[in-house]
Amino acid sequence: EPEVTQTPSHQVTQMGQEVILRCVPISNHLYFYWYRQILGQKVEFLVSFYNNEISEKSEIFDDQFSVERPDGSNFTLKIRSTKLEDSAMYFCASNRQGRRTGELFFGEGSRLTVL
Amino acid sequence: KQEVTQIPAALSVPEGENLVLNCSFTDSAIYNLQWFRQDPGKGLTSLLLIQSSQREQTSGRLNASLDKSSGRSTLYIAASQPGDSATYLCVLGGSEKLVFGKGTKLTVNP
């Protein structure tokens, strides 16, 4: 069964460093998302991406963050100059039809620990 | 602004019991509602997706209902098993971004 895959599963970084989290969405999906979940809290929306551009972003997704689809399969989240409060589980998700009708599929997540 | 509430926050039941998890929302103008399970430290696994025009969906021992007029959805789990232990999340798709509930943590005791 097709699935969303994410790498790395866990990354530890020093405050101020740049981090790139990678995702391979399901191949025939058209809409891609990043979410994060701080330990013990709700899943929070970061950004959605469609047709090679950001379609929506939350207030969390400030200039520190960027997304890219460098080729036909990968979807990356870059966090510049990481802060302690960026420590969280970051989930990539994709669906075929967008949030209006489509079933959303999540990856297993990348745990980011900022020291 | 859409608000999603899941009650109870945690639930512990003996194996074999039938149970109901609740999700309520404030804005009935939704496109769909999706139930997920999340195991500790893991991603979210889709269980059931209900479109706004539907009233329920079933998959195996799971049945999800949707009542837009009252702003409620329920997830019914029949004959619960220890492997059902997880956090269950209700997620609403509407005109704005997807809105997540905080989840119900279910523990099924052998």
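Fair warning: this is a prediction, and the values are worked out from it, not measured in the lab. Note on naming: letters A, B, ... go to the chains in the order of the sequence lines (proteins, then strands), and numbering restarts at 1 for each one.
- At a 4.5 Å heavy-atom cutoff, the contact between A:Q37 and chain B is made by side-chain atoms alone.
- No side-chain donor from either of B:Q54 and B:N32 sits under 3.5 Å from a side-chain acceptor of the other.
- If you check the side chains of B:S65 and B:T74, you find a donor sitting under 3.5 Å from an acceptor.
- Looking at A:L104, the atoms closer than 4.5 Å to chain B (heavy atoms on both sides) sit in the backbone and in the side chain alike.
- Within the 3.5 Å criterion, the main-chain N or O of A:K83 finds a donor-acceptor partner in the side chain of A:D86.
- A distance-only check finds no donor-acceptor pair linking the side chain of B:E17 to the backbone of B:S80 [under 3.5 Å].
- Between chain B and the options A:F91, A:F106, A:F45, A:F105, the largest number of non-hydrogen pairs under 4.5 Å is found for A:F106.
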